Amino acid sequence: MANVGRNTPVRKFDAVVVGAGGAGLRAALQLSEAGLKCAVLSKVFPTRSHTVAAQGGVGASLGNMGEDNWNWHMYDTVKGSDWLGDQDAIEFMVRTAPEVVIELEHFGMPFDRNEDGTIYQRPFGGHSMNFGEKPVQRSCCAADRTGHAMLHALYQRNVRANTQFFVEWMALDLIRDPSGQVLGVTALEMETGEVMVFHARATLFATGGAGRIYTSTTNAFINTGDGLGMAARAGIPLEDMEFWQFHPTGVAGAGVLITEGVRGEGGYLLNKNGERFMERYAPNLKDLASRDVVSRAMATEIKEGRGAGKEGDCVLLKLDHLGAEVIDKRLPGIREIAKKFANVDPVKDPIPVVPTVHYQMGGIPTNYHGEVVVPKNGNANSVVPGFYAAGECGCASVHGANRLGTNSLTDLLVFGKASGDSIIRFLKENPGLKDLPKDAGDRSLSRLARLESQTNGESYAEVAKDMRRTMQMHCGVFRFPDTLAEGVKKIREISDRVTRTEIKDKSKVFNTARIEALELDNLIEVARATMVSADARTESRGAHDRSDHHERDDVNWLKHTLWYKEGDRLDYKPVNLKPLTAESIEPKVRTY
Amino acid sequence: MSDLTVKKQRPVWFNLSPTNLPVPGLVSIFHRISGILLFAGIIWFLFLLDMSLTSPLGFAHFTSYMAHPVVKLVMLVLLWAFLHHFCAGVRYLLMDVHIGVKLPTARMSSFAVFAVSLILTVILGVRLW
Amino acid sequence: MQFRVYRYDPDKDDKPYMKDYEVELEPTDQMLLDALVRIKEQDDSLSLRRSCREGVCGSDAMNINGKNGLACTTKLSELKQPVELKPLPGLPVIRDLIVDMTQFFKQYHSIKPYLVNNDPPPEKERLQSPEDREELNGLYECILCACCSTSCPSFWWNPDKFVGPAGLLHAYRFLADTRDQAAAERLDNLEDPYRLFRCHSIMNCVDVCPKGLNPTEAIGKIKTMMVKRAV
Amino acid sequence: MVNRIVVGAHYGLKDWLAQRISAVVMAAYTILFGIVWVSGGPFSYNSWKSLFSQGWMRFATLLFVLSMLYHAWVGVRDIWMDYVKNTGLRLLLEVVTVLWLVGCGGWAVQVLWRS
């Protein structure tokens, strides 16, 4: 590759946003409408970002369907997080939620409607009235295509605001100067194979999740944790990476998501005996308990021999009793998916489902302004100047140990906007653009050069497969001390192998083999962070369930994990139990 | 930047094989082909009309001219062109008022256009012969 | 299973060619995309776009046995062998199955694909009745995969002037939205012999749409709006 | 590349509508002609000539011809628009088409009104 040299072109911007999903687009909108020169980098055309696959809705206490308020939403979110969520960020999110949802409606989002013309809201897992009493209708939706409708509306609004997109550009590495300030990223134009430096006063990562560290995931191929990998390589820790949400209803075999909205609209789960087993595990909210609880219940049913299907390895999601009319109106996409991927028509037959990796609760540590924070000089939350993260790749942390359904879309709207506002503030206070360090592009160029010249290496596809298999086997719904310890060993070995991957294709033009190999560099950091953090946390909390420590341990573990790439080092910081204005919600036993 | 680095003209392929064309698409391309034939035929029809209306002698010329097999064949082709254009046209007019725009009906009506225009061509052709 | 795939890498090939592949499938490989991922494991130089693998992002549109579709929702069991895979027709090929979609998105952007409402935004949502909202069904679900526009002969001949089925579907999505106030400008923008009226109801677009949408119907409704405005 | 789309040749609707209306006129004439043809006696010079010497028939035929000319004009122009990329050549072909059709129209009038 001839362009790998010292003369990498540089372009200067006020801000660079990496990722054009919901959070990236919401932030970019804030920046463009403020008249800033902002570049948005995306591996795919913006409307192909994975936000497009969100189905069930966005949570906001609009109260369109009956009484609701942010205090209840806050309580549900804190309880859902198994008290690992930071309560200042959670309060900020649930209080801002109605405003950002209404804004989105004004942008043109085609929400479903009630007879009085207001936005329709459906019930969703873990969302309740009056502090856990009974289900509440809080999820604002557009049929079962909420993410799609939202992403398109946000992209369209950005078109109106003339946001500058760099489509099919992959960010490679974060640029930090010796003081630690972030000054942009290096990126690769996929179409030409050229590398460029995006020199910016502020950098926002909105790169989404990394579900592709697992074999079976609802995530898209592009969800490779690029932001997390870049941050980790640049010395930024990753927070709470042991917490991965298994969505209860992925289509058995295919992994494709079936929204919780199905259960919100009245569907429920059955084991092979036709028993509605959730009544046993969560007598109050039943099938609408939070996701970790439902997934564990399903895994237990399957483990104890009550699974359905030929192999007894799934359970059944029944919704035919809703009737064709409701299904076609509220869940048309689900019917399409079930027919295509499960070969059943849900109007007649139940859908075979299994818990499937869905969402990463952890990520790049931030405060509720979207500013990235790291421990420094005794301050656990010292701001990294010029660096921001929002959406799934960030960890504010509002989801703690388990995210409630609909809160991911709320998260990306609220923190996308908030980080945009923080950047605007930061740019006002810090006018000049600091010089790039001399070695700005070096890390990326050497990664590319290594791939270019690697011989006798292993196929990147093989190594990636081994990584996914290891994660699936050693870090699933239920976790065991010995398999975790073995997993750490294995994932470190695989991590070594990643440094020797080889691509046969050396073309400059749209070389997707090179892209996949570069993505693996990011995936492996996420996988290691996950395995090491999970091995260390000796309690069961939210999505992290250990066979040797069945209970939550607030005495020792009411704290966030911070994983550093350097030497797989772990550090911890306290959970913020103090909300902004509300009263603290004290930890208690979590039942649904 | 990409504009500078593109050295070669990028290839483009067109999906032109008629076997790849759905039936409504076939109706459309035949609508165009028949239209071209009819456009070319305008002058000939005027010639025929002129000949047949000039005088009894012209009319006699006209009838003997029409008896020629080649002329009959051309007439038959134009007859089909007219009938296809007519039937397809009616279908388009209905679609313009939003009748039959769903895919299954559109497919059925396309088959119908082919069937009706060919049957009518045969019936009228037999009479003409 | 046997495949014939269109290959072209401007870095080394003078012109495109078809390459044969034979793949061993696992029982879990249901969709064409699964097979393509296996081919890529054999030959990492095969380039294609893909992402969500569930038919909602619109990345992996291609021409499959002569018909445009999404690889991720096309069942292998329904394909005739050898499966012939080509890039989307009518757009310049960057490499292999990857086409340059600039022209397609340019047309999409040209219809001003965003809600225009110049009234000061109310505190709450703008109200819309369920019936009015229903008008947007069959329109807002478009995933911009370009299957429709690249199967449309009118778009092949005038990609720079004809908006194409996808763009026009979106144009109607905003025309049909009771919250939008720019109907007049939107109709003006399309009142041109090329922009809208190149559509001859060929209906290839409807035939290939992986989401089962009907651009022809939407275009017909735009024409009706224009007639109502003019007559 | 500058992102520019030139729009606003505001005759799309007019031509589209005219083509539909002319199609309806021609369809009506075709049916009328079919009825006359079937109900008429044997085909001879006299019957043929007298059919075309009636005022209403001349009027109807004239309408048909005018509709046909406009219909053909829009249709043929569509073809040039699709397949001929050179503007100069397209203009030339369009002019030739118009002249040709106008010529045909003149001849038709002459045929119909020649005593």
Side-chain angles (χ1 to χ4, degrees), chain B residues 1-4 6 14 16 28-64 66-67 79 81-97 117 120 123-124 127-128, chain D residues 1-2 16-17 19-31 33-34 37-38 42-53 57-58 61 64-65 67-69 71-80 82-83 97 100-115:
Chain B
M1 201 164 112
S2 56
D3 291 334
L4 297 175
V6 174
F14 295 99
L16 291 177
S28 172
I29 191 64
F30 278 110
H31 194 65
R32 176 157 283 191
I33 292 168
S34 56
I36 295 171
L37 290 176
L38 292 171
F39 173 72
I42 291 176
I43 194 79
W44 190 58
F45 277 115
L46 280 172
F47 164 74
L48 292 180
L49 189 66
D50 191 9
M51 183 159 48
S52 64
L53 286 176
T54 22
S55 62
L57 187 66
F59 190 81
H61 276 298
F62 167 74
T63 39
S64 66
M66 290 303 287
L79 183 66
F82 182 81
L83 289 167
H84 181 88
H85 208 81
F86 182 91
C87 293
V90 169
R91 174 173 172 270
Y92 286 132
L93 284 172
L94 288 174
M95 282 166 63
D96 285 334
V97 291
S117 60
L120 282 177
I123 294 172
L124 292 176
R127 256 193 88 153
L128 186 76
Chain D
M1 225 185 326
V2 182
W16 178 83
L17 200 56
Q19 209 183 22
R20 266 71 199 158
I21 293 166
S22 58
V24 172
V25 171
M26 287 190 291
Y29 181 87
T30 305
I31 290 163
F33 189 83
W37 179 266
V38 171
F43 182 53
S44 69
Y45 176 72
N46 285 337
S47 65
W48 186 238
K49 178 79 185 173
S50 70
L51 175 63
F52 280 95
S53 17
M57 186 62 189
R58 280 184 178 166
T61 309
F64 173 83
V65 169
S67 295
M68 178 184 70
L69 297 181
H71 193 89
W73 153 240
V74 178
V76 173
R77 192 201 60 204
D78 274 353
I79 293 172
W80 302 142
D82 277 352
Y83 307 128
T97 308
W100 177 261
L101 287 171
V102 169
C104 287
W107 191 11
V109 169
Q110 198 223 336
V111 169
L112 284 175
W113 267 274
R114 196 176 38 203
S115 58

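None of these values were measured; they are calculated from a predicted model. Throughout, protein chains are lettered first and strands after them, A, B, ... in sequence-line order, and every chain is numbered starting at 1.
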message: If I measure from the heavy atoms of chain B, does D:Met68 come under 4.5 Å with its side chain, its backbone, both, or neither?
response: side chain

query: Going by the angle between their ring planes, with limits at 30° and 60°, are B:Phe59 and B:Phe62 parallel, tilted or perpendicular?
result: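 Judged by the thresholds at 30° and 60°, the geometry between B:Phe59 and B:Phe62 is tilted.
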
- prompt: Contact part of B:Asp96 toward chain D, heavy-atom cut-off under 4.5 Å: side chain, backbone, both or neither?
  reply: side chain

- request: Give, as side chain, backbone, both or neither, the part of D:Asn46 having an atom under 4.5 angstrom from any heavy atom of chain B.
  value: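 Neither part.
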
message: Heavy-atom pairs under 4.5 Å with chain D: which of B:Tyr92, B:Phe82, B:Phe45 has the most?
response: B:Phe82

field: Reported OG1-to-CG distance for the pair D:Thr97 and D:Leu69, which is rounded to 0.5 angstrom
entry: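 If we round to the nearest 0.5 Å, D:Thr97:OG1 and D:Leu69:CG are 12.0 Å apart.
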
message: Check for me whether the distance between the ring centres of D:Phe43 and D:Trp37 falls short of 6.0 Å.
response: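 Distance test on ring centres: under 6.0 Å, yes.
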
- prompt: Less than 4.5 Å apart, any side-chain heavy atom of B:Phe47 and any of B:Ile43?
  reply: no

message: Any non-hydrogen side-chain atom of D:Arg114 less than 4.5 Å from a side-chain atom of B:Asp50?
response: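 With C-beta onward as the side chain, the pair touches.
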
message: Can you list everything that forms a side-chain hydrogen bond (donor to acceptor under 3.5 Å, both in side chains) with D:Trp16? Sequence neighbours excluded, please.
response: none

query: Taking only heavy atoms into account, what residues of residues 31-39 of chain B are found under 4.5 Å from chain D?
result: B:Arg32, B:Ile36, B:Phe39

task: Name the option with the most non-hydrogen atom pairs under 4.5 Å to chain B; the candidates are D:Gly75, D:Ala72, D:Cys104.
output: D:Cys104

Greater than 12 external heavy atoms within 6.0 Å of D:Trp100's CH2: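 Open: at most 12 neighbouring heavy atoms sit under 6.0 Å from CH2 of D:Trp100.
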
query: Side chains of D:Arg20 and B:Leu93: closer than 4.5 Å at any heavy-atom pair?
result: yes

query: What part of D:Ser53 lies closer than 4.5 angstrom to a heavy atom of chain B: side chain, backbone, both or neither?
result: neither

field: Atom group of B:Ile42 that falls short of 4.5 Å from chain D, counting heavy atoms
entry: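 Side chain only.
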
message: Report which part of D:Ile79 has an atom under 4.5 Å of a heavy atom belonging to chain B: side chain, backbone, both, or neither.
response: both

query: How about D:Trp48 and B:Ser52: does a side-chain donor come under 3.5 Å of a side-chain acceptor?
result: yes

Main-chain N/O of D:Trp113 paired to D:Arg58 side chain as donor or acceptor, under 3.5 Å: no

